[in-house]
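A quick write-up on the structure given underneath.
Throughout, protein chains are lettered first and strands after them, A, B, ... in sequence-line order, and every chain is numbered starting at 1. No hydrogens, no waters, no symmetry mates; every other heavy atom, side chains included, goes into these values.
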Number of protein chains: 2
Amino acid sequence: MLKEHVAKIAALTDAEFDNFFARFELQSFKKGQTIISAGDRVNHEYFVLSGCLKTFYINDDIKMYILQFAMPTWWASDYNALYSGAKAAVSVDCVTDAEVLRLSNANREEICSQVHQVEHFFRWRTNKGYVASQKRLLSMMNNDVKHRYEELMAQYPELYNIVPKQLIAAYLGVSRETLSRLYNS
Amino acid sequence: MLKEHVAKIAALTDAEFDNFFARFELQSFKKGQTIISAGDRVNHEYFVLSGCLKTFYINDDIKMYILQFAMPTWWASDYNALYSGAKAAVSVDCVTDAEVLRLSNANREEICSQVHQVEHFFRWRTNKGYVASQKRLLSMMNNDVKHRYEELMAQYPELYNIVPKQLIAAYLGVSRETLSRLYNS
DNA sequence: TGTGGATAGTGATGTAGATCACGCAATCAC
DNA sequence: GTGATTGCGTGATCTACATCACTATCCACA
């Protein structure tokens, strides 16, 4: 699955891919388990094989905001903490049972410096994330909740069944009450 | 200036840097001039040497949202359009007189594939942009206007003098009236 | 079998910020 | 030098959404 994902962007020889792949560790988690907890040191990023993760922030009023739902072939981590060595500001946990491949920061940097095409892949991936994030920022500023809700459902219809509405509200940045009123009309 | 900027991240030989640098073109713009207009094909990204650019989106109600102010050593473009070949959804123009170095998409990809360290540099740069964008998204969801205003002023105090308050409002995602009332209290 | 904890719907009320409308400089065009 | 344009402040009103409070349902598990 990872091979297919990477092959779309980077032309790796079998040996190169083996070198890359050997650096990952398979991990399985149960629904609700925490992968990264705010305050932790972060040493890994996670490639989702199955299930669904969420990366989220909890503010002083114990209100949660979801930055990303990570579905299969998506990557998740606290990238600020991972790159800068700072403590995690953001947490990651499992919305459903999940299988992930984890890659350490040190291993990523090493393989990136060894294999040019892997560096190319990660540049592409990060760029995609950047573009998506900008798009969401714009939507956040420009569109009302209803619009954002429809946008989300169009992009990930499967979320509707998989995740509690509360989490959808936390992704959209509204209260669960408002969201509830919204689609009962 | 570009050399210094790149050197922080990537170790280039003089020959490599010359190869890189030769691909840029110097351009000068006057305050108010447009660099990328929504609907255009986008072929370049821009490294700011002096002055200040803004990248912005205008919605159907002719309301403007500013995604980024680009100060010296920052990069600007419509990265979605640039990478995907789509038409620009976002515009870029000059808040002040500005000097920029422009780099074409084709040239970036070529030098990235030729010189591993350049690819490394762009991966780093994009990652930084991604992290900043995520942070802003979170701030947008979590903090009220006053908080966001103070955050912006703490990060770029020079903006206060350089840009009209209208633009600051458009960056914060509020009406100019609300912003005006805000700092007269 | 019942008890506690998620999850979700809904009414009443509060509020941050939008919108509309106006006046008042300062700057630009010619 | 006069009229037009742009930027800014301010009052009155409107509205999308938050918050609080209560109820109902489902499900885990002692």
*Rounded to whole angstrom units, what separation is found between the CZ atom of B/Arg181 and the P atom of C/dC20?*
13 Å
*Could you state the atom-to-atom distance from NZ of B/Lys63 to C1' of C/dG17 in whole Å?*
10 Å
*Check B/Leu172, B/Ile168, B/Leu167 against B/Ile66 for a side chain to side chain contact (heavy atoms under 4.5 Å, CB included) and give me the one that passes.*
B/Leu167
_N-O pairing of A/Asp93 and A/Lys30 below 4.0 Å_ = no
_For a quick test of reading the model: is some side-chain N or O of A/Ser175 closer than 4.0 Å to OP1 or OP2 of D/dC17?_
no
*asked:* Which nucleotide wins on minimum distance to the side chain of B/Pro164, given the candidates D/dG7, C/dG17, C/dA8?
replied: D/dG7
_Rounded distance in Å - OH (B/Tyr183) to C1' (C/dG17)_ = 16 Å
*Between B/Phe17 and B/Phe20, how do the two ring planes meet: parallel, tilted or perpendicular, split at 30° and 60°?*
perpendicular
*Looking at B/Ser180, does any N or O in its side chain come under 4.0 Å of the phosphate oxygens OP1/OP2 on D/dG9?*
yes
*Check: B/Glu177 side chain, D/dC8 base, donor-acceptor under 3.5 Å*: no
_Tell me if the aromatic rings of A/Tyr65 and A/Phe56 count as close, with their centers under 6.0 Å from one another._
no
*Looking at every strand, decide which applies to A/Gly173 at a 4.0 Å heavy-atom threshold: base, sugar-phosphate, or nothing.*
sugar-phosphate
_Axis bend over the full length of the helix from C/dT1-D/dA30 to C/dC30-D/dG1, computed from five pairs that close each end, to 10 degrees_ = 40°
*Can you check the B/Asn142 CG to C/dA16 P distance for me, whole Å?*
16 Å
*Ignoring backbone atoms, establish whether A/Lys146 has a side-chain N or O less than 4.0 Å from OP1 or OP2 of D/dA16.*
no
*Using whole Å, report how far CG of A/Asn59 lies from C1' of D/dA18.*
13 Å
*Assign a letter to each nucleotide of nucleotides 23-30 of chain C from its 5' end: B, base within under 4.0 Å of a protein heavy atom; S, sugar-phosphate only; -, no contact.*
--------
*Cut-off 3.5 Å, side chains only: do A/Asn142 and B/Asn59 have a donor facing an acceptor?*
yes
*What pairs of residues pass the side-chain hydrogen bond (donor to acceptor under 3.5 Å, both in side chains) test when at least one of them lies in residues 145-161 of chain B, not counting sequence neighbours?*
B/Ser139-B/Glu151
*When the nearest nucleotide of DNA chain D is assigned to A/Val145 and to B/Gln166 on a heavy-atom basis, which residue is associated with the more 5' position?*
B/Gln166
*asked:* Between P on C/dT7 and CD1 on A/Ile168, what's the gap in Å once rounded to a whole number?
replied: 13 Å
*Do the rings of B/His5 and B/Trp75 sit parallel, tilted or perpendicular, given the 30° and 60° boundaries?*
tilted
*Side chains of A/Ser175 and A/Thr178: is there a donor and an acceptor less than 3.5 Å apart?*
yes
*asked:* Could you walk me through whether A/Phe24 and A/Arg102 satisfy the side chain to side chain contact (heavy atoms under 4.5 Å, CB included) test, starting with their C-alpha distance in whole Å, then the side-chain angles of each, then the deciding distance to 0.1 Å, before giving a yes or no?
replied: CA-CA 5 Å; A/Phe24 287 84; A/Arg102 80 171 196 182; over 6 Å; no
*Which whole-number value in Å describes the distance from A/Ile162 CD1 to C/dT7 P?*
15 Å
_Testing the 3.5 Å rule here: is there a donor-acceptor pair between the side chains of B/Glu45 and B/Tyr79?_
yes
*Please give, in whole Å, the distance from D/dA24 P to A/Asn184 CG?*
17 Å
